[in-house]
Amino acid sequence: MSHTKTIKNLIVVGGPTGSGKTDLAIKIAQKFGAPILSADSRQFYRGMAIGTAQPDPAQLAAAEHHFIACREVDDDYTCGDYERDALALLDGIFTTRDTAVAVGGSGLYINALCEGMDDLPDADPELRARMEEQWHAGGSGQILARLQQLDPEFYDKVDRANPRRVIRALEVCIKSGAPYSTLRNAAPKERPFRTMKLAPDMPREELYGRIDRRVEGMMAAGLEAEARALYPRRALNALQTVGYRELFDHFDGSTTLTEAVESIKRNTRRYAKRQMTWFGRDPRMQWFAADRPQDALDAVEAFILSETKN
RNA sequence: GGUGCCAUAGCUCAGUUGGUAGAGCAACGGACUGAAAAUCCGUGUGUCCCUAGUUCGAUUCUUGGUGGCACCA
């Protein structure tokens with residue numbers, strides 16, 4: 001009495017911040033009885049509910065949510081951890097259900113989940129800190145020379161002005177004993193599910209208006225107090241986040257509250273632009289008019305009913 | 001009402017001894033495989049308020065407007 005194995009579906013909702021991803025994801029989840037996984041590198045953290053626009057209690061009650069407020073701000077959590085944890089969670093979900101939704105603005109995390117990361121060594125915080133310090137003390141030339149020696153191929157194509165790229169590459173070379181470029185193949189990994197990627201689309205001007213209003217709403221909801229509570233731990237990676245850094249500067253006394261709020265709006269717009277660049281280059285991303293969620297729902301239904309492998 | 005000052009990029013302003021202009025911020029484009037709401041790279045987008053003169057040539061000088069600011073009435 002065995003039946004054909006059902007195809008499993010992961011519906012990915014990406015797109016810029018403030019475009020209505022959360023609401024669209026809930027609509028999809030409700031229509032298809034699917035749980036939601038956050039793919040947002042900042043909504044993972046407790047204590048950052050307002051500033052990262054985590055789903056509110058009503059939204060949390062409207063669908064099954066995962067990866068929201070599940071880590072402490074002093075946890076080091078990376079896209080590699082996320083790939084592992086999300087795949088494990090989906091394994092369980094797909095034993096009883098056919099469809100899940102992943103929603104978030106962190107393009108790298110979505111890639112990790114859908115296509116996978118190459119098998120590379122983890123970060124070495126001590127090594128990193130040392131190289132970072134050297135870089136900023138004027139020693140970037142030596143770091144670059146070392147990379148050129150250990151991985152000339154990557155040295156040629158890396159953005160040499162970007163310490164993150166250069167230091168990470170060198171870190172991998174040192175820890176693995178092999179050139180970084182030989183460890184990367186960027187081949188999409190096999191997944192036990194097929195994926196559909198969609199994102200809400202709207203005129204730039206409208207998105208910026210929504211961002212401004214959302215920032216005002218965050219302030220009204222108590223963002224300042226939320227940031228104040230995290231101020232002592234401002235150096236943590238989790239707090240290198242739009243909405244907090246600007247308020248920390250204000251707490252330092254270097255800006256007025258009004259200036260801080262304007263900065264948050266501006267930096268959120270810049271963040272949205274970077275997200276649009278990232279998602280815009282993904283050929284599989286389908287953009288739907290944000291004010292026509294039914295179009296997206298119809299497309300998701302057609303995808304789920306289709307027999308296409310991917 | 002009179003006098004003076006100002007009018008140049010989305011904003012604040014610089015500048016051209018007459019040869020159609022450039023800074024900051026904003027904005028825009030891009031990169032990005034274990035920090036990714038991070039990190040980094042690139043781009044000037046302009047009836048130089050309008051009008052009529054002078055001139056080979058006016059954003060620049062002159063006339064007259066318009067708008068703004070200040071002071072005097």
Side-chain angles (χ1 to χ4, degrees), chain A residues 14-19 21 38-45 48 50-54 73-86 104-125 127-129 131-132 135-136 140 154 157-169 171-172 175-176 180-189 204-205 207-208 211-212 214-215 218 223 227 235-248 259 262-282:
Chain A
T17 188
S19 61
K21 294 188 296 292
S38 175
D40 187 302
S41 71
R42 292 298 187 271
Q43 289 185 357
F44 300 151
Y45 296 104
M48 299 176 69
I50 298 170
T52 63
Q54 285 173 8
V73 289
D74 44 10
D75 284 348
D76 281 324
Y77 198 71
T78 68
C79 54
D81 298 324
Y82 179 73
E83 176 185 6
R84 182 198 62 231
D85 294 347
S106 304
L108 182 62
Y109 283 61
I110 289 173
N111 278 12
L113 175 57
C114 299
E115 279 88 42
M117 310 286 291
D118 286 324
D119 193 18
L120 301 172
D122 287 332
D124 181 331
L127 180 59
R128 257 181 202 193
M131 288 196 283
E132 179 104 335
W135 181 280
H136 287 112
S140 60
F154 192 72
K157 62 182 178 189
V158 71
D159 175 1
R160 287 172 221 157
N162 190 333
R164 295 279 166 96
R165 295 282 115 69
V166 174
I167 290 173
R168 170 61 180 162
E171 172 186 70
V172 171
K175 285 194 75 181
S176 69
Y180 181 49
S181 53
T182 64
L183 300 176
R184 305 198 325 162
N185 61 29
K189 289 186 178 168
R204 181 76 58 99
E205 205 173 292
L207 179 66
Y208 284 4
I211 286 173
D212 288 349
R214 187 164 79 162
V215 171
M218 286 176 177
L223 180 58
L236 295 171
N237 179 56
L239 294 168
Q240 307 313 309
T241 301
V242 177
Y244 298 90
R245 288 172 140 187
E246 296 84 353
L247 285 170
F248 295 157
E259 286 167 345
E262 287 312 302
S263 268
I264 293 173
K265 291 174 180 173
R266 189 190 63 220
N267 289 334
T268 304
R269 287 195 287 272
R270 289 174 171 174
Y271 172 47
K273 254 168 61 64
R274 273 177 271 132
Q275 289 174 302
M276 287 187 275
T277 299
W278 180 285
F279 291 117
R281 75 172 178 177
D282 186 339

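Residue numbering restarts at 1 for every chain, and letters A, B, ... go by the order of the sequence lines.
- Residue A:Asp212 is tested with A:Arg269, A:Arg266, A:Lys265 for a side-chain hydrogen bond (donor to acceptor under 3.5 Å, both in side chains); the sole match is A:Arg269.
- Between the side chain of A:Asn111 and the base of B:U33 there is no donor-acceptor pair of N/O atoms closer than 3.5 Å.
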Side chain to side chain contact (heavy atoms under 4.5 Å, CB included) assessment of A:Leu207 paired with A:Ser19: CA-CA 6 Å; A:Leu207 179 66; A:Ser19 61; 4.1 Å; yes
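- If you check every strand for non-hydrogen atoms under 4.0 Å, A:Ser106 touches sugar and phosphate atoms only.
- Nucleotides B:A21 and B:G67, compared at atom C1', are 24 Å apart to the nearest Å.
- Set against B:U33, B:A31, B:A38, the side chain of A:Arg245 has B:A38 as its closest nucleotide.
- Spacing between atom CG of A:Asn162 and atom P of B:U39 amounts to 10 Å, rounded to whole angstrom units.
- No engagement by A:Phe154 is indicated, since no non-hydrogen atom pair under 4.0 Å with the nucleic acid exists.
- Atom name P, nucleotides B:U62 and B:U54: the rounded distance is 16 Å, in whole Å.
- In this structure, A:Arg266 reaches the sugar-phosphate backbone alone: every heavy-atom distance under 4.0 Å involves primed, P, OP1 or OP2 atoms, never a base.
- The same atom, C1', is picked in B:G68 and in B:G22; the two are 25 Å apart, to the nearest Å.
- Heavy atoms of other residues, nucleotides or ligands lying less than 6.0 angstrom from CG of A:Asn185 number more than 12.
- Separating the P atom of B:U51 from that of B:U59 is a span of 10 Å, rounded to the nearest Å.
- Using a 4.0 Å heavy-atom distance criterion, A:Thr52 is classed as a base contact.
- A residue-by-residue look at A:Val172 and A:Arg214 shows that A:Val172 has its nearest nucleotide of RNA chain B further toward the 5' end.
- Projected onto RNA chain B by closest heavy-atom contact, A:Met218 and A:Asp159 fall at different nucleotides, the more 5' of which corresponds to A:Met218.
- Look at B:G18: its glycosidic torsion is beyond 90° from 0, and that puts it in the anti range.
- In this model, a side-chain donor or acceptor of A:Arg165 finds a partner on the base of B:A38 within 3.5 Å.
- At whole-Å resolution of the value, CG in A:Leu236 and P in B:A35 are 15 Å apart.
- Contacts of A:Arg204 with the nucleic acid, taken as non-hydrogen atoms under 4.0 Å apart, involve only primed sugar atoms and P, OP1 or OP2.
- By the 4.5 Å heavy-atom criterion applied to side chains, A:Trp135 and A:Val166 are counted as neighbours.
- Using a 4.0 Å heavy-atom cutoff across all strands shown, A:Glu171 reaches no nucleic acid atom at all.
- Around atom CG of A:Asp75, more than 12 heavy atoms belonging to other residues, nucleotides or ligands sit under 6.0 Å away.
- Here the separation of B:C72 from B:A58, taken at their P atoms, is 41 Å to the nearest Å.
- We find that CG of A:Leu239 is positioned 13 Å from C1' of B:A38, with the value rounded to whole Å.
- Annotation: B:A7 and B:G44 have their P atoms spaced 26 Å apart (nearest Å).
- For A:Gln240 and B:G34, the CD to P distance is 18 Å, given to the nearest whole Å.
- At the heavy-atom level, A:Asp124 lies nowhere under 4.0 Å from the strands shown.
- Contact annotation: A:Asn237 reaches the phosphate of B:A36 (side-chain N/O to OP1 or OP2, under 4.0 Å).
- Distances shown here put a side-chain N or O of A:Arg42 below 4.0 Å from the OP1 or OP2 atom of B:A36.
- Residues meeting the salt bridge (charged side-chain N to carboxylate O under 4.0 Å, His left out) test with A:Glu132, sequence neighbours left out: none.
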Residue pair A:Tyr82, A:Leu108: steps toward the side chain to side chain contact (heavy atoms under 4.5 Å, CB included) verdict: CA-CA 10 Å; A:Tyr82 179 73; A:Leu108 182 62; over 6 Å; no
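- Comparing atom distances between the A:Val242 side chain and each of B:A38, B:U33, B:A31 picks out B:A38 as nearest.
- In terms of phosphate contacts, A:Arg274 brings a side-chain nitrogen or oxygen within less than 4.0 Å of OP1 or OP2 of B:A38.
- Rounded to a whole Å, the OH atom of A:Tyr109 is 14 Å from the P atom of B:U33.
- Under 4.0 angstrom from either OP1 or OP2 of B:A35 there lies no side-chain N or O belonging to A:Arg164.
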Base-pairing string, 5' to 3', of RNA chain B - Watson-Crick or wobble, under 3.5 Å, | interstrand: (((((((..((((.....[..)))).(((((.......))))).....((.((..]....)).))))))))).
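- For the C1' atom pair drawn from B:A26 and B:G10, the interatomic distance equals 7 Å after rounding to whole Å.
- For the pair A:Arg168 CZ and B:A38 P, the interatomic distance rounds to 19 Å; values are reported in whole Å.
- In this structure, A:Lys273 places its NZ atom 17 Å from C1' of B:A38, rounding to the nearest Å.
- Annotation: side chain to side chain contact (heavy atoms under 4.5 Å, CB included) contacts of A:Thr78 (sequence neighbours excluded): A:Asp81.
- Only the P atoms considered, B:A36 is 31 Å distant from B:G24, to the nearest whole Å.
- Using a 4.0 Å heavy-atom cutoff across all strands shown, A:Asp40 reaches at least one base atom of the nucleic acid.
- Between the CG atom of A:Leu113 and the P atom of B:G34 there is a distance of 17 Å, given to the nearest Å.
- Under a 4.0 Å N-O distance rule, the pair A:Asp122/A:Lys175 does not qualify as a salt bridge.
- No contact: A:Tyr244 has no heavy atom under 4.0 Å from any strand.
- In this structure, A:Thr268 and A:Thr17 approach most closely via the heavy-atom pair CG2-CG2, 3.7 Å.
- Nearest to the side chain of A:Asp118, among B:U33, B:G34, B:A38, sits B:U33.
- Nucleic acid contact for A:Gly107: none, since no nucleic acid atom lies under 4.0 Å from a heavy atom of the residue.
- Between A:Tyr109 and A:Phe44, the ring-plane angle classifies as tilted under the 30° and 60° cut-offs.
- Within the 4.0 angstrom heavy-atom criterion, no nucleotide atom of any strand lies near A:Tyr82.
- Residue A:Arg270 is classed as a sugar-phosphate contact, given heavy-atom separations below 4.0 Å to backbone atoms only.
- Within 4.0 Å of A:Tyr208, counting heavy atoms only, lie sugar-phosphate atoms of the nucleic acid but no base atom.
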